[in-house]
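Let me begin by presenting the structure, written as C-alpha cells, before commenting on it.
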Number of protein chains: 2
Amino acid sequence: MTTPAAPRAGRRPTISDVARAAGVSTAVVSYALNDRRGVSGATRERVLRVADELGWRPNPAARSMRAGAQAVGLAIVAGEALHGAPVLDVVASLQRALAPRGLSVDLRVVDDDVAAAELYTRWGAERRCEAVVVPNVRVDDRRLAAVAAAGLRAVVVGPPHITPELSAVEVDDADAYARVGRYLLDLGHTRVAAVTGPADWVRTAECEAGLRRALAAGGAELEAAATDGTAEGAAAAARRLLMAAAPPTALVLETDLMALAALDVARRTGLVLPWDLSVVAGADSVLCRLATPALSSLPALGAELGTALATAVLGALAAGPEDAPVRVPLQVAALAVRGSTAPHAR
Amino acid sequence: MTTPAAPRAGRRPTISDVARAAGVSTAVVSYALNDRRGVSGATRERVLRVADELGWRPNPAARSMRAGAQAVGLAIVAGEALHGAPVLDVVASLQRALAPRGLSVDLRVVDDDVAAAELYTRWGAERRCEAVVVPNVRVDDRRLAAVAAAGLRAVVVGPPHITPELSAVEVDDADAYARVGRYLLDLGHTRVAAVTGPADWVRTAECEAGLRRALAAGGAELEAAATDGTAEGAAAAARRLLMAAAPPTALVLETDLMALAALDVARRTGLVLPWDLSVVAGADSVLCRLATPALSSLPALGAELGTALATAVLGALAAGPEDAPVRVPLQVAALAVRGSTAPHAR
DNA sequence: ATGAAAGCGCTAACAC
DNA sequence: GTGTTAGCGCTTTCAT
C-alpha cells in the first residue's frame with residue numbers, strides 16, 4: 001500500500017512532498033528542518049519524522065541558489081605540499097571540521113600559480129565558493145591580487161605578519177627553524193647550510209631568516225641555497241655545498257624528500273652521517289624514520305593545519321565585511337631528534 | 001557613464017542582464033551561450049560579445065538545478081593510494097579531462113570504506129554527483145552495494161573482469177606482475193616472496209596471482225604475505241620472510257614505501273643488495289630512484305589512470321541505462337630495472 | 001504558529 | 001529566429 005502523499009516513483013522526495021505528507025506548508029517544513037523558531041514542538045517533531053521516513057535530503061544545488069555556494073575553494077599547484085604538509089592530510093581535517101557547518105571543500109589541482117589565479121577569478125565570478133584558501137604564498141603573489149579583484153574572502157597560510165588585511169593561519173616557521181638553529185649550535189656546529197624551496201616563497205624566506213638569526217646569535221653562519229623544491233634540485237644544491245672549500249658540517253633541508261636526496265649525495269661523497277655531517281629535515285614523514293640514519297626532523301603540519309584553516313574560514317565567514325580579519329596562530333612542535341644529527345667533531 | 005542595461009552594482013550579471021543589454025530574450029541568450037541552434041549568427045555574435053563585456057559567468061548552482069550536479073564523486077580512504085597511484089596525480093588528470101565537459105571532481109577523504117559507503121548513499125540521495133569513482137575494490141565491497149542502492153552510476157578501478165555489470169577501468173596488474181615474475185625467473189631466482197597490501201583487496205589477489213602463475217610456469221615458488229600496506233607492516237613481513245629457514249632470494253613489494261621498508265630490514269639483517277637479495281617495488285616514485293641501491297620498479301599509474309577514468313566516466317554518462325557498461329583497459333608499462341635486482345648467485 | 005507566494009539563475013517547451 | 005513562460009527545490013517575506 002502506497003501513501004497517497006508519497007512522491008512519484010523514481011524521484012527523490014522534495015520539501016513539498018514532506019509538506020504534503022505531514023499536512024503542513026512547505027514553509028513550516030523548511031523552518032522545522034532548519035531548526036528555526038516559529039514552529040510548534042509537535043509540528044516540528046512530526047515534520048522531522050516524516051522527512052526521515054520519506055528519506056528526504058536537502059538538494060545542495062537548490063540550497064546554494066539562495067544561500068550561496070556552501071563551499072570553500074582550495075587550488076593547489078601540482079606537486080606542491082600545503083605549507084610543507086601533505087595536501088590530503090590537511091584536506092581531510094579541513095573537510096571534517098567544515099562538514100558540520102554544511103561546507104564542503106572544492107579542491108583543484110592546477111599547473112601553476114597563474115592557473116590558480118585564473119581559477120580564483122572564475123570562482124569569484126561563478127560564486128562557486130564562499131571563501132578560498134591560499135597556501136604557499138609567493139612574494140607579490142598574483143593569486144592575492146586575483147582574490148582581491150574577485151571579491152573573494154580569503155584565508156592565507158603564512159608567517160605571522162603576512163597580508164595583514166586578510167584572514168590567515170599564521171604558522172611560526174621562523175621560531176621552529178630558530179629552534180633547529182639553537183640545537184645545531186648546542187651540538188657545536190658553526191658552519192650550517194640550508195637548502196630551501198623556491199626563493200620567492202614567503203615561507204622560504206621566513207624559515208631561512210629564523211635559522212639565520214638563531215645561528216648568528218651564537219656566532220655561527222648560515223649559507224642558504226634556494227632550489228625548486230624537488231629531490232633533484234636539492235641533490236644538486238647539496239652537492240655544490242658539500243664540495244665547497246669549507247663545507248658545512250650541518251645541512252638543513254626543507255622537506256623529507258629533499259633531505260633524503262641530500263643523504264644520498266652525502267653517501268656518494270663518502271661522508272658518514274652523523275659524524276661527518278648532520279642533516280635535519282624541515283618536515284617529518286615515514287621516510288625520515290625509514291632513512292639510514294633516521295633523520296632528525298621538524299614535525300610536518302597536517303591535521304592541525306586543517307583545523308586551524310577551518311577556524312579561520314568559519315571566522316572569516318561569520319565576520320562582516322567591516323570586521324577585522326581573523327588571524328589563527330599555529331605553532332610547529334618540537335624537533336624530533338634522531339640519528340642523523342650529532343655533535344660536531346672539531 | 002553607466003549603460004542603462006547594466007546590472008545593479010554589487011551583483012554578478014545574470015542571463016537576464018545579458019538579455020536586456022543585448023536587447024533579446026533570456027531564451028535566446030541561453031541558446032547562444034550553450035551553442036544551440038535556433039539563433040541567427042548575428043544575434044549569437046552580439047549576445048556572446050555582450051556577455052563577455054558584462055563578465056557574465058554561468059551560475060553552477062542554477063545550472064545544476066536543472067541539469068543535475070555536474071560533478072563526479074571520488075571518496076578516498078585516508079592514507080590509501082588510488083590503485084597504487086598518488087591520489088593527486090590521478091585527480092589532476094581526471095579534472096583536466098573532465099573540465100572541458102563542465103564536470104568537476106568532488107574529492108572527499110574518508111576514514112574507511114564504511115564511511116565511503118555512507119557517503120555514496122548520501123551523494124545519491126542529494127543528487128550531488130552524476131557518477132562516482134570506486135577505487136581499491138575489496139572482496140564483497142560494501143561500497144558497491146551502497147552505490148547500487150543509491151542508484152549512482154559508478155566507475156570502478158580493478159582487474160579486467162571486476163564487477164562486469166558496472167563501468168570500469170581495467171588495469172592489467174596481473175600481466176605486469178607476471179612480467180616481474182618472468183624477469184626474476186630469468187635472473188635465476190627460484191624462491192620469491194611477495195609482500196602485498198590487504199588480503200581482501202581485489203587488486204592484491206590479482207597481483208599475487210599474476211606473479212604466482214608466471215613463477216609456477218618456470219618452476220619457481222611464491223610465498224605471499226599480506227599486510228596492511230604500511231611501511232611498518234611491510235617491515236614486519238619482510239623480517240619474518242628473511243628470517244625463515246629457506247629465505248627468498250627475491251622480494252616483491254606492492255608500494256615504494258613498503259619496498260623502502262624492506263630495504264631497511266635487509267640492511268639491518270646484514271644482507272647486501274642486490275647480491276644477497278633482489279627487491280622489486282610494485283609502484284615507482286622518486287623514492288625508488290633515491291634509494292640505495294635504486295629500486296627496480298613497475299611504473300606507478302598517474303595521469304594515465306586519470307584520463308582512463310575520465311573516458312569511462314564520460315562514456316558511462318553518455319550511455320543510456322540499457323547500454324552495456326563502459327570498460328576501459330589500461331596497461332601497466334615496463335619494469336624499470338635498477339640496481340636492486342641481480343642474478344641469483346646459486 | 002502556519003500558509004501563500006515570490007524568486008534565486010537557468011533551461012526548455014511552446015507560442016508566435 | 002525569437003519571445004513568453006513554467007518550473008528545478010529551497011528559503012523567506014508577508015499575510016493570516
Side-chain angles (χ1 to χ4, degrees), chain A residues 5 7-8 10-48 50-51 54-71 102 122-128 130, chain B residues 7-8 10-48 50-51 54-71 102 122 124-128 130:
Chain A
R8 285 202 317 276
R11 237 185 78 248
R12 304 293 325 174
T14 72
I15 275 209
S16 311
D17 296 318
V18 176
R20 208 169 312 124
V24 292
S25 75
T26 59
V28 172
V29 174
S30 178
Y31 284 145
L33 255 17
N34 291 296
D35 237 13
R36 266 190 180 54
R37 43 189 227 91
V39 195
S40 73
T43 310
R44 178 185 305 271
E45 199 85 351
R46 185 156 40 92
V47 166
L48 292 179
V50 169
L54 256 44
W56 177 87
R57 298 254 68 209
N59 179 319
R63 226 168 223 189
S64 303
M65 195 105 179
R66 298 198 65 87
Q70 303 297 305
R122 191 135 33 86
W123 273 343
E126 295 179 351
R127 291 255 173 283
R128 214 180 238 285
E130 299 294 297
Chain B
R8 286 203 315 278
R11 235 184 81 248
R12 303 293 325 177
T14 72
I15 275 208
S16 311
D17 297 318
V18 177
R20 208 170 310 126
V24 291
S25 76
T26 59
V28 172
V29 174
S30 179
Y31 285 145
L33 256 16
N34 292 297
D35 238 12
R36 266 189 182 53
R37 43 190 227 92
V39 195
S40 72
T43 309
R44 179 185 306 271
E45 199 86 350
R46 183 156 41 93
V47 166
L48 292 179
V50 170
L54 256 44
W56 177 88
R57 297 257 68 208
N59 178 320
R63 219 163 231 193
S64 303
M65 196 102 178
R66 298 198 63 87
Q70 303 298 307
R122 191 135 34 85
E126 295 179 350
R127 292 257 173 280
R128 214 180 238 285
E130 300 295 297

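In the text below, chain A, chain B and the rest are named by the order of the sequence lines, each starting its count at 1. What you see is a predicted model; the values in this text were computed from it and never measured. FYI, side chains are in, hydrogens and waters are out, and symmetry mates aren't considered; it's all heavy atoms of this structure.
A straight line from CG of N59(B) to P of dG9(C) spans 7 Å, rounded to a whole angstrom. The interatomic distance linking N34(A) (CG) with dG9(D) (P) rounds to 17 Å, in whole Å. For R63(A) and dG9(C), the CZ to P distance is 19 Å, given to the nearest whole Å. Taking atom CZ on R66(B) and atom P on dC10(D), their separation rounds to 15 Å, with Å as the unit. Between E45(B) atom CD and dT2(D) atom P there is a gap of 13 Å when expressed in whole angstrom units. Atom C1' of nucleotide dG9(D) and atom CD of Q70(A) are separated by 15 Å, given to the nearest angstrom. Rounded to whole Å, the distance from CD on E126(A) to C1' on dG9(C) is 13 Å. As rounded to whole Å, 12 Å separates atom P of dG1(D) from atom OH of Y31(B).
Between R36(B) and dA12(C) there is a side-chain polar atom (N or O) within less than 4.0 angstrom of OP1 or OP2. Regarding contacts with the backbone of dT2(D), a side-chain N or O of T43(B) is found under 4.0 angstrom from either OP1 or OP2. Between S40(B) and dT2(D), a side-chain N or O to OP1/OP2 separation shorter than 4.0 Å is present. Residue S30(A) places at least one side-chain N or O closer than 4.0 Å to OP1 or OP2 of dT11(D).
At a threshold of 4.5 Å between non-hydrogen side-chain atoms, the residues N59(B) and M65(A) do not count as touching.
Looking at heavy-atom distances under 4.0 Å, T26(A) makes contact with a base. At the heavy-atom level, R57(A) lies under 4.0 Å from the strands shown only through sugar-phosphate atoms.
Side-chain proximity of V39(A) to dG3(C), dT2(C), dG9(D): nearest is dT2(C). Distances from the side chain of V28(A) to the nucleotides dT11(D), dC8(D), dG3(C) place dG3(C) closest. Side-chain atoms of I15(B) lie closest to dC10(C) of the nucleotides dC10(C), dT4(D), dT2(D).
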Q.
Show, in sequence, the C-alpha distance, side-chain angles and deciding distance for R63(B) and Q70(B), and conclude whether the side chain to side chain contact (heavy atoms under 4.5 Å, CB included) test is met.
A. CA-CA 8 Å; R63(B) 219 163 231 193; Q70(B) 303 298 307; 5.6 Å; no

Test V29(B) against W56(B) for side chain to side chain contact (heavy atoms under 4.5 Å, CB included), laying out the working first.
CA-CA 11 Å; V29(B) 174; W56(B) 177 88; over 6 Å; no

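Using a distance-only test at 3.5 Å, with no hydrogens or angles considered, no donor-acceptor pair links the side chain of R57(A) to the main chain of G124(B).
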